S.K.: 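Here it is: the structure, laid out below.
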Amino acid sequence: QVQLVESGGGLVQAGGSLRLSCAASGRTFSSHAMGWFRQAPGKERVFAAGISGSGSRTYYTDSVEGRFTISRDNAKNTVYLQMNSLKPEDTAVYYCAAKGSVAITTRSRDYDDWGQGTQVTVSS
């Protein structure tokens with residue numbers, strides 16, 4: 001089991017940037033693909049970005065491609081989500097999740113461990 005703690009959310013104006021961090025416990029961090037999901041009010045939780053265990057591969061949903069960058073530092077057991085050119089529709093609770101294998105998938109049910117979430121609010 002991996003324990004995850006997100007940080008870095010907040011309120012930002014449209015066009016601004018935020019960097020989310022997710023600190024993970026455990027000694028096998030590189031064995032887990034990591035994902036960032038988001039849940040807007042009244043909507044289901046959806047995939048935003050994912051990164052393989054080694055960090056060599058990344059994948060983004062279309063709506064964030066080119067604006068968000070996911071990265072990881074396996075020495076620090078931390079995954080990041082750099083969010084640029086933020087839009088009001090990016091407003092959501094953002095969740096970090098760990099998968100039990102190194103390959104990225106976009107389905108939330110494939111991820112075993114979840115953080116508590118961090119709120120991102122983008123004002124127009």
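Here the structure is a predicted model, which means the values were calculated and not measured.
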S.K.: Closest heavy-atom contact between Ala24 and Leu4?
M.R.: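 The pair with the smallest heavy-atom distance is CB-CD2, 3.5 Å.
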S.K.: OH/Tyr94 to CH2/Trp36 distance, rounded to the nearest 0.5 angstrom?
M.R.: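 Tyr94 atom OH to Trp36 atom CH2 measures 10.0 Å (nearest 0.5 Å).
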S.K.: What are the two closest heavy atoms between Met34 and Cys96, and how far apart are they?
M.R.: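 For Met34 and Cys96, the tightest heavy-atom pair comes out as CE-SG, 3.5 Å.
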S.K.: Listed by chain and number, what are the salt bridge (Lys or Arg N to Asp or Glu O under 4.0 Å) partners of Asp110, not counting sequence neighbours?
M.R.: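 For Asp110 the salt bridge (Lys or Arg N to Asp or Glu O under 4.0 Å) partners, ignoring immediate neighbours, are Arg107.
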S.K.: With a cut-off of 6.0 Å (strictly less than), are more than 12 heavy atoms of other residues, nucleotides or ligands near CD of Gln119?
M.R.: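 Yes, the 6.0 Å shell around CD holds more than 12 heavy atoms from other groups.
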S.K.: For residues His32 and Arg72, report the shortest heavy-atom separation together with the two atoms involved.
M.R.: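 Result for this residue pair: O-NH1, 2.8 Å.
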S.K.: Specify the closest pair of heavy atoms between Gln116 and Tyr95, including all atoms of both residues, with the distance to one decimal.
M.R.: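 Scanning both residues, the minimum pair turns out to be O-CE2, 3.6 Å.
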S.K.: Among the clusters formed by ILVMFWY side chains lying less than 4.5 Å apart, do Tyr60 and Leu18 turn up in the same one?
M.R.: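 Hydrophobic grouping puts Tyr60 with Leu18.
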S.K.: What's the verdict on side chain to side chain donor-acceptor pair (under 3.5 Å) for Asp73 and Thr78, showing C-alpha distance, side-chain angles and the deciding distance?
M.R.: CA-CA 5 Å; Asp73 185 337; Thr78 303; over 6 Å; no
S.K.: Taking only residues two or more places apart in sequence, or in another chain, which ones meet Arg38 in a salt bridge (Lys or Arg N to Asp or Glu O under 4.0 Å)?
M.R.: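 Arg38 satisfies salt bridge (Lys or Arg N to Asp or Glu O under 4.0 Å) with Asp90 once adjacent residues are dropped.
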S.K.: Between Asp112 (side chain) and Gly100 (backbone), is there a donor-acceptor pair under 3.5 Å?
M.R.: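 Such a contact is found between Asp112 side chain and Gly100 backbone.
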S.K.: Do you know which two heavy atoms are closest between Ala14 and Pro88, and how far apart they sit?
M.R.: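 Looking at all heavy atoms of both residues, the closest pair is CB-CD, 4.1 Å.
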S.K.: Residues two or more places apart in sequence or in another chain: which of them pass ring pair (Phe, Tyr, Trp, His ring centres under 6.0 Å) with Phe37?
M.R.: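 Phe37: ring pair (Phe, Tyr, Trp, His ring centres under 6.0 Å) contacts with Phe47, Tyr111, Trp114.
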S.K.: Quick check: do Ile70 and Tyr80 have side-chain heavy atoms less than 4.5 Å from each other?
M.R.: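 No; the side chains remain at least 4.5 Å from each other.
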